[in-house]
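These notes concern the structure reproduced below.
A note on names: the letters A, B, ... follow the listed sequences, proteins ahead of strands, and every chain is numbered from 1. It should be emphasised that the depicted structure is a prediction, and the values quoted were computed from it without experimental measurement.
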Amino acid sequence: MIISCRGKHFYFIVTLMLNELKNEWKNIVESALKKIAGTDDIPALGMTEPPKSELGDVAFPLFAYSRILRKSPKDIAEDVKKEIEANGKPDGEIILASGYFNVKLSVSNAFDSLYRKVMDEGEEYGKNRSMENKRIMLEFSCPNTNKPLHLGHMRNDSIGESISRILKANGAEVLKVNLINNRGVHICKSMLAYKEFGNGETPESTGEKGDHFVGRYYVKFAKWAKDTDEKINEAEEKGDMALAEALRANHPDKRAQSMLKDWEDGKSDVIELWKLMNKWTLDGLEESYRNMGISFDKIYYESETYKYGKAEVLKGLEDGVFYRESDGSVQIDLAEIGLDKKVLLRKDGTTIYITQDIGTAIRRHDDYPFDSLIYVVGSEQAYHFKVLFYILKKLGYKWADELYHLSYGMVNLPEGKMKSREGTVVDADDLLSELERLAENEIMDKGRDEIVGDVASTAHSIALAALNYYLLEVTPTRDMIFDPKKSISFNGNTGPYLEYMGARLSSILKKAEEEGLRAECVDSSLLKEDDEKTLIKLISDYPDVVEKAARNLDPSVVAQFLYSVSKTFSHYYHDNQIIKAETEDLAKTRLALASAVLQVLRNGFALVGIPYLASM
RNA sequence: GAUCCUGUAGCUCAGCUGGAUAGAGCGUCCGCCUCCUAAGCGGAAGGUCAGCAGUUCGAAUCUGCUCAGGGUCACCA
């Protein structure tokens with residue numbers, strides 16, 4: 001806080017948070033520079049962290065001023081120091097080092113008010129209002145109803161769920177939506193295969209999860225189609241053209257296509273089968289979502305939304321936004337954004353993918369007038385969204401500027417892309433249960449089963465921590481490689497490691513309580529260890545981390561932060577006794593630090609899908 | 001061909017709005033359980049930040065070119 005009084009500056013330190021204190025210093029150094037230069041027109045002052053703690057907590061490089069001031073950065077630092085000392089300065093010790101103006105802050109002292117704040121706010125600590133009054137719709141997952149979820153979906157779901165929590169933590173009102181892709185020729189394929197080979201079996205009769213059951217028929221279809229191709233080839237080689245022709249006329253692909261037409265015509269037996277199989281899959285998917293801690297506020301079905309776009313396109317045609325090609329199709333010329341022409345309605349008047357998305361977007365804005373709509377969809381669809389947003393803008397929708405494609409990278413295997421044809425797709429349910437099995441083994445091996453109580457549920461939490469952390473610690477926009485054999489581990493920089501730190505903290509606090517020791521910031525200046533200062537700084541940084549994660553739509557910001565907190569605490573409590581500290585005051589103060597660290601961890605865990613375990 | 005993304009340790013990834021000696025985990029090697037849970041802690045080895053040029057007091061970070069890998073450019077979704 002700076003109070004100006006008759007031209008002279010007095011500085012009052014009123015329990016400033018560390019970051020505010022840093023900014024305070026920045027302003028002061030900058031004004032000093034301006035005064036020395038005799039002008040306000042100087043390069044903006046940079047602010048970084050010194051490489052070593054002996055060099056202070058915040059650093060201002062002065063090299064840029066060397067030219068204007070015709071002095072060495074070292075001399076400038078001296079001048080700034082003199083200038084600042086003459087006027088009184090905020091809390092902190094000035095350290096000059098090779099062209100930098102550094103400040104060592106009284107980190108420990110800051111803990112007093114920081115601790116109070118963290119404890120007062122509890123699980124609210126770190127939340128902010130940077131996105132207050134913003135209504136954001138977030139679309140993610142968007143599965144097909146012809147097969148179970150795989151690893152690619154899991155990345156999508158983890159990112160989507162995490163982003164929604166991060167946005168909420170920044171004060172936004174978030175509506176999570178899913179768009180179920182339950183129509184189209186691919187859906188007919190599993191239906192057809194079921195009709196052909198199903199013999200009336202059901203998920204209940206075989207004991208399979210519905211989505212896996214349907215997925216099995218989708219695979220069956222692919223094999224059927226392939227076998228038919230081979231039979232056609234054989235027949236042709238034998239010269240049996242009549243057979244080849246007959247096979248071709250009755251080809252599964254052809255039959256699926258005609259089934260789609262029956263579906264669109266509303267043929268009752270097709271619709272009934274479609275409803276039945278859709279339900280099987282959706283029940284299965286819902287179970288997977290529940291297992292993974294994913295939820296939605298609203299679910300759209302493509303079977304209901306696919307028609308919306310057509311009217312919009314026809315309206316755009318009237319308004320001259322689109323044009324009719326000589327063959328009768330409706331198109332748009334994308335030359336303005338450096339792209340080719342794009343078809344919006346086929347010559348037979350039927351819609352395509354983008355037409356549906358146009359209609360769905362408009363419909364959604366009617367349903368829920370959002371300030372922003374974020375699509376969590378793979379990077380391979382970047383072109384699609386670029387075109388979609390452009391078209392909506394051309395149609396005159398102002399909110400089109402607030403549409404955003406959160407383009408996440410692909411999940412590849414060490415051998416390359418996952419291919420369903422080669423059976424290399426990593427199934428979501430299988431992966432989760434394998435992780436649960438490994439976690440359960442760990443618990444039993446360590447003999448922790450009695451302490452944790454419910455082994456299965458603990459194993460489930462550990463599996464989720466492993467999975468979510470693995471998927472979220474990587475920047476979303478980047479492709480990532482998943483090695484099923486070794487990538488998911490419970491040691492090192494992993495979800496279970498973070499979870500373990502939470503459990504350790506909880507157990508220390510519990511033990512202290514049993515011994516009648518209460519966490520209390522008796523004297524923050526007792527916290528002299530480097531690790532203690534680092535922890536205080538980290539706790540104080542957390543709200544900024546939450547804000548940055550939202551700004552960048554990047555959960556990895558939170559994940560990496562949580563790792564550094566855990567890592568630091570782990571190192572700290574290994575070297576320093578908390579409960580049995582030298583004095584009771586120190587023990588209490590360290591317990592206060594530990595409680596604050598735990599609160600921050602728990603708050604962060606919630607944002608990246610790591611369940612908190614009091615013991616493991 | 002056009003366009004977008006990526007290239008950092010053996011592997012998987014941070015760091016990228018320019019700042020001090022480029023980081024972590026895994027893997028390898030070596031230590032540490034009379035001590036609040038060893039899912040832990042410490043140490044060692046491991047780097048031409050793809051290459052070349054430019055901008056700058058200063059470049060992994062910005063710009064250009066080159067090379068390599070991937071995505072997309074459908075009347076599929």
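Rounded to whole angstrom, the span from the CE atom of A:Met410 across to the P atom of B:U12 amounts to 15 Å. Atom CD in A:Glu515 sits about 11 Å away from atom P in B:C36, given to the nearest Å. Nucleotide B:C76 holds its C1' atom 13 Å from the CG atom of A:Asp253, rounded to whole Å. Straight-line distance from the CD1 atom of A:Ile332 to the P atom of B:C73: 17 Å, rounded to whole Å. Straight-line distance from the CD atom of A:Gln577 to the P atom of B:C41: 17 Å, rounded to whole Å.
Of the listed residues (A:Asp531, A:Asp530, A:Asn576, A:Thr534), just one forms a side-chain hydrogen bond (donor to acceptor under 3.5 Å, both in side chains) with A:His571, and that residue is A:Asp531.
In this structure, A:Glu434 pairs ionically with A:Arg437, as a charged nitrogen and a carboxylate oxygen lie closer than 4.0 Å. Ion pairing between A:Lys71 and A:Asp79 holds under the 4.0 Å rule for side-chain N and carboxylate O.
Against the 90° criterion about 0, the sugar-base torsion of B:C49 places it in the anti range.
Counting only heavy atoms from C-beta outward, the side chains of A:Asp357 and A:His384 approach each other to under 4.5 Å.
Only the C1' atoms considered, B:G27 is 14 Å distant from B:C13, to the nearest whole Å.
No hydrogens or angles were tested; on distance alone, nothing pairs the side chain of A:Lys446 with the base of B:U37 as donor and acceptor under 3.5 Å. Under 3.5 Å, the side chain of A:Asp340 and the base of B:A74 form no donor-acceptor pair of N or O atoms.
In this structure, the nucleotide among B:U37, B:C13, B:C41 sitting nearest to the side chain of A:Arg478 is B:C13.
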